[in-house]
Every structure is written in C-alpha cells, then in structure tokens.
Amino acid sequence: GQSLEQPSEVTAVEGAIVQINCTYQTSGFYGLSWYQQHDGGAPTFLSYNALDGLEETGRFSSFLSRSDSYGYLLLQELQMKDSASYFCACPDSWGKLQFGAGTQVVVTP
Amino acid sequence: DAMVIQNPRYQVTQFGKPVTLSCSQTLNHNVMYWYQQKSSQAPKLLFHYYDKDFNNEADTPDNFQSRRPNTSFCFLDIRSPGLGDAAMYLCATSRDRDLAKNIQYFGAGTRLSVL
C-alpha cells in the first residue's frame, strides 16, 4: 500500500514563499508528482520528480529526497491566484496515482 | 480548448434514481479514470480503463459501474444513488500506463447532488 502525508493548510501573504512538505510510504517508488486544484476546479499537473534534487518550473519548484521518502513543493513570489489545494501523488506499479490528502494554501493580501 | 470534457457540470438526482455521468477526451489517450472527490478530500479512484480493459478498485461499491464504448468516451453509472454518493466526480486520462511521469489530465468534474 501507499500513504502520503502533507499539512492540511498553509497561510501566507502575497509575495512570500511557501513550502509544502510531503512524506510518503510506498511499496515501490516510481516518482512524486504535484497537482494544483482551485476550488471547484479540476486538478492540474504541476511537476514530477523521479530523481533526487530540485526541479524548477517558473515560480514553482519541487524537490525530492528518496533516501528520506520526502519531497516538497516550493511556491515563490506568491500571488492571490495561487490560493488553491495542492496534492502530492505517487504512482503505484500500475501507474495509478495515490494522492495525499491535500494542502490548502491561503494567500492573503 | 478543453481536452477532457465532462457533462453535465452539475447533476441533481433523487435518492435511488439511476444517473449517468459522461466524459469525453480529445487526447486519444489509452487510459481513462473515474474519481470521486468529497469536500476537502483527495480524489479517490473508483476504476480505470486501460484501453478496453476495465479495472475496478477493490473498495469501489457495486453501485458504481462504468462503460467505455470507444477510446474517446467513458461513462459512470450510479445505479441507486444514496445521500453518501453526493460528491464531485472527476474524469481523467493519461497517455499510457507509464510509471514515469504519469501525467493525468482531468476534466472539470460533475458535481452530483442527491435529494
């Protein structure tokens, strides 16, 4: 089985940096993905890490440490539109995604 | 343009009255998924199709069925909706059952209310 843990909520002001941590327990590891979901909207893919290290995509970066079974999503220069839920997810051996419970990011002016 | 399209966006049904939700995709992806998502929770996989091969999750109730008549379309049938089935239902696709970077593309969802 697989389980992923992430904080339930993070609040920050515009322009700040937010780090969302995700720890996972999996029977086999095939990578860690991050998805963003605005309230009432569809989840959308943000990033994927298969190897240790940092992947940068614009204001968002994702990090993975396989030895620690840990990853994080870093949101920089926060904007109001970044207010959303963020899910970490791991694929199982069939490619099906197991999602964490999600972290709600609240950006305040 | 939307690549995974779900209809309707909102569906109201009565307790016990069968309902069908639809999903279509223009991506020509092999895999289609149906998820149930309740408020402030993660999407929960109900089943998926790898091409025409149907795969049911072990804890998906028998009340939920699915059909995939062709590559582009997939349907979710709820035979006798209960109050606990009120949720957002998300359809998603992926190109293949890759283990590496298995990006899933989600539709906007159908929010089901059961009266």
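Below, each value reflects all heavy atoms present in this structure, side chains not excepted, and no hydrogens, waters or symmetry copies. Here the structure is a predicted model, which means the values were calculated and not measured. Just so we're on the same page: letters track the sequence lines, and every chain starts at 1.
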> What pair of heavy atoms forms the shortest contact from A:F87 to B:P43, and how long is it?
CE2-CD, 4.1 Å

> How far does CD1 of B:I103 sit from OG1 of A:T44, to the nearest 0.5 angstrom?
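Rounded to the nearest 0.5 Å, the CD1-OG1 separation comes to 11.0 Å.
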
> Other residues, nucleotides and ligands only: do more than 12 of their heavy atoms fall within 6.0 Å of CG on B:N70?
yes

> Same cluster for B:L115 and B:L21 if Ile/Leu/Val/Met/Phe/Trp/Tyr side chains link at under 4.5 Å?
no

> Which distance, rounded to the nearest 0.5 Å, do you find between the OG of B:S40 and the CD of A:E9?
9.5 Å

> In the single-linkage hydrophobic clustering (I, L, V, M, F, W, Y; side-chain heavy atoms under 4.5 Å), do A:I17 and A:V13 co-cluster?
no

> Is it the case that more than 12 heavy atoms not belonging to A:E77 sit under 6.0 Å from its CD atom?
no

> A quick test of your reading: do over 12 heavy atoms of other residues, nucleotides or ligands sit less than 6.0 Å from CG of B:D62?
no

> Side-chain heavy atoms nearer than 4.5 Å, only ILVMFWY residues, links allowed to pass through others: does that put B:F75 and B:I5 together?
no

> Tell me, yes or no, whether the heavy-atom count around B:E57 atom CD, taken from other residues, nucleotides or ligands under 6.0 Å, exceeds 12.
yes

> How long is the span from the CD atom in B:Q37 to the OG atom in A:S85, to the nearest 0.5 Å?
8.0 Å

> In terms of hydrophobic clusters joined by side-chain contacts under 4.5 Å, are B:F15 and B:L76 together?
yes

> Let me know if A:L32 has heavy atoms under 4.5 Å from chain B in its side chain, its backbone, both or neither.
neither

> Just verifying a value: how many Å separate B:Q104 CD and A:Y35 OH, rounded to the nearest 0.5 Å?
5.0 Å

> Return the option, out of B:Y105, B:Y50, B:Y35, with the maximum number of heavy-atom pairs under 4.5 Å with chain A.
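Maximum pair count with chain A is reached by B:Y35.
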
> Which atom pair, heavy atoms only, marks the closest approach of A:G100 to B:A42?
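Shortest heavy-atom contact: O-CB, 3.0 Å.
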
> Rounded to the nearest 0.5 Å, how far does CD of A:Q37 lie from CE of B:M88?
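Nearest 0.5 Å value for the CE-CD distance: 7.0 Å.
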
> Please tell me whether B:Y10 and B:V114 are part of a single hydrophobic cluster in this structure, the criterion being side-chain heavy atoms less than 4.5 Å apart.
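No; tracing contacts between hydrophobic side chains, which count when under 4.5 Å, never links both residues.
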
> Please output the residues of residues 51-64 of chain A in contact with chain B, using a heavy-atom cutoff of under 4.5 Å, in numerical order.
none

> Determine whether more than 12 heavy atoms belonging to other residues, nucleotides or ligands lie under 6.0 Å from atom CD of A:Q79.
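More than 12 heavy atoms, drawn from other residues, nucleotides or ligands, come within 6.0 Å of this atom.
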
> Any chance NZ of B:K17 has more than 12 other-residue heavy atoms, nucleotides or ligands included, within less than 6.0 Å?
no

> Between atom CH2 of A:W94 and atom CG of B:N55, what is the distance when rounded to the nearest 0.5 Å?
6.0 Å

> Return the minimal non-hydrogen interatomic distance between A:G95 and B:Y33, and the atom names on each side.
O-OH, 4.0 Å

> Using every non-hydrogen atom in the two residues, find where B:A108 and A:A42 come nearest and quote the distance to one decimal.
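Taking B:A108 first and A:A42 second, the nearest heavy atoms are CA-CB, 3.9 Å.
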
> Which bit of A:A50 comes within less than 4.5 Å of chain B, counting heavy atoms only: side chain, backbone, both or neither?
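Contact with chain B involves no heavy atom of A:A50 at all.
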
